[in-house]
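Structure, as structure tokens:
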Amino acid sequence: MTTKPGPLTDDMIAACVDDDRGPVALHVRQALLPVEGADAVFFPPTYTDIGYAIDTLADGRQVAQIDSVGAQANRLEPLFKAAKDGNAANPLAALVPQVEIVIGDAKETVVSILDAGHRLGDALVRASELAEAARAAFLAYKSGDASAIAKLAPTTLVFGAWDSRDTEAKLPRIVQSVVRAWDVSELKRSAQYVPPVDYAALGVVSDTDRDEAEKNAKSPLAQRGYVHVPAVDMPGGIVARGGIFRDVTVNLVALRQLDAKGKGNGTDLRRYVLGLALVAAAEPPDAFLRQGCLLTPDPDRPAPWMVVHRDGGRTEVALTPADALAFAERSAKAFGVGEGGRFAFEKGRAKSDVEAGKDKGKGKGKTAK
């Protein structure tokens, strides 16, 4: 008889948040499938000079990176953005302050900090009215007080940041997610572009220029579509015989390192951050990673959440998006969500920051303590 996993109880949550000898992580491994089926060809990201990021193991098997830790974080963080343009309200948006940077005057551009790749440590923040508050929050974190960051930009605690350009504060990721494909075979593809007319016959280009350009796909005529252009041995996707898996980990050791020295209850802060982490971790993944890479969970392979204990033991728990949201809402109410607001981008700050970076690169800059 199979025992049905129970929910995260109050006692388990207390151990996750406050017990230094408590569980070390929550983890789920989710099997994914291309929408075309298990044996379908799909397309990982390509990188300059290497193409697909494929590693070969000692036993000869090949493992492909489908979505990196950073890419996954950048997909999850905007889940907390407020809805725009009359769309239905996003309940996740009420969990965090909505901080935006306003650029320009007449045709202003508004950028949510939830879209800034380096979060509170992003150059956009340093070049805005938010710069001093962000710097003070990082310095407080280095002194053991995470409450200022939690009030200003709590997803910086959830997804991590490194304020490498200023205070050098390093915030580990509490939520880490990555997608890899196992035992992969790489395919190639070839194609041929055929222009709709003969531009040499029309006198647009000479026969000589046409013939030379057709030998070089990087020539201006080829690039602008005036000649035949072959594309040979281009990346053609991969097939994953060993499956595609998304691993999501909530780092409870890193969570328990957060405190609110003299600024309130550290337990409330940690429960608040845990609530945000659980919401992000339990949310169904974005299926459309890129062109040719549309992946969904495999309905025939359950993905149980596991509490991972210090001794390596594992306890299965039930964690649904609804459960995570309910806990996050209670925790946010207890801690108190920061106000948020709009902050102006200041060109002068950006220029000064650029110059400071040049000085630091020459060994003249000073790292804040």
Side-chain angles (χ1 to χ4, degrees), residues 16-18 20 24-25 69-70 73-74 76-77 80 95-101 112-176 249-281 328 331-332 334-341 343 349 353 356-357 360 365-369:
C16 291
V17 169
D18 286 326
D20 287 337
V24 297
V69 172
N74 290 339
L76 293 172
E77 194 167 13
F80 296 97
L95 300 174
V96 302
Q98 298 296 314
V99 174
E100 297 174 323
I101 309 298
S112 169
I113 195 174
L114 299 170
D115 289 322
H118 293 129
R119 302 174 186 90
L120 200 58
D122 202 271
L124 186 63
V125 174
R126 293 197 307 279
S128 76
E129 293 176 323
L130 193 58
E132 282 79 12
R135 188 171 195 275
F138 277 127
L139 290 173
Y141 175 85
K142 291 184 72 174
S143 297
D145 182 4
S147 61
I149 293 181
K151 290 292 187 181
L152 185 59
T155 56
T156 299
L157 297 171
V158 175
F159 298 107
W162 180 20
D163 189 30
S164 61
R165 284 83 174 178
D166 188 11
T167 66
E168 297 287 346
K170 290 185 179 181
L171 287 65
R173 297 181 190 274
I174 290 173
V175 172
Q176 175 173 297
T249 302
V250 178
N251 186 336
L252 300 176
V253 178
L255 174 72
R256 289 194 291 267
Q257 292 173 354
L258 300 179
D259 204 354
K261 280 188 177 178
K263 300 290 181 68
N265 191 330
T267 294
D268 284 346
L269 181 150
R270 289 186 290 275
R271 289 176 67 93
Y272 173 52
V273 174
L274 177 61
L276 300 180
L278 293 181
V279 165
S331 301
F335 177 71
V337 178
E339 287 188 12
F343 302 85
R349 285 183 186 269
D353 191 55
K360 189 173 183 179
K366 293 183 179 179
T367 301
K369 301 297 183 182

Less than 4.5 Å apart, side chain to side chain, heavy atoms only: is that true for E77 and D115? no
With L152 as reference, evaluate V125, L130, I113 under the side chain to side chain contact (heavy atoms under 4.5 Å, CB included) test and give the passing residue. L130
Between L269 and D259, is there a side-chain heavy-atom distance shorter than 4.5 Å? no
Side-chain donor-acceptor contact under 3.5 Å, D145 with S147: yes
List the atom of L120, the atom of T156, and the distance in Å for their closest heavy-atom pair. N-OG1, 3.4 Å
Any heavy-atom pair between the side chains of D353 and R349 that's under 4.5 Å? no
Between N251 and V253, what is the shortest heavy-atom contact and its length? OD1-N, 3.1 Å
Hey, does D18 have a side-chain heavy atom less than 4.5 Å from the side chain of R270? yes
Closest non-hydrogen contact found for V250 with A277 is CG1-CB, 4.2 Å
Rounded to the nearest 0.5 Å, how far does CD of Q176 lie from CG of L76? 11.5 Å
Using every non-hydrogen atom in the two residues, find where I174 and A254 come nearest and quote the distance to one decimal. CG1-CB, 4.2 Å
Cation-aromatic face contact K151/Y272, 6.0 Å, 45 degrees: no
Taking atom CZ of R271 and atom CG of L258, what is their separation to the nearest 0.5 Å? 14.5 Å
Between L171 and L157, is there a side-chain heavy-atom distance shorter than 4.5 Å? yes
Nearest 0.5 Å, what's the CG-CG distance between D20 and L252? 12.0 Å
Shortest non-hydrogen separation from E129 to E132 and the atoms involved: O-OE1, 4.0 Å
side-chain contact (heavy atoms from CB on, under 4.5 Å) partners of A73, counting only residues at least two apart: R119, F159, R173
Salt bridge between R135 and D166, side-chain N to carboxylate O under 4.0 Å? yes
Out of curiosity, R256 CZ to C16 SG, how far, rounded to the nearest 0.5 Å? 7.0 Å
Can you tell if the side chain of V279 reaches within under 4.5 Å of the side chain of F80, non-hydrogen atoms only? yes
If I compare all heavy atoms of A328 with all of L276, which pair ends up nearest, and what's the gap? CB-N, 4.4 Å
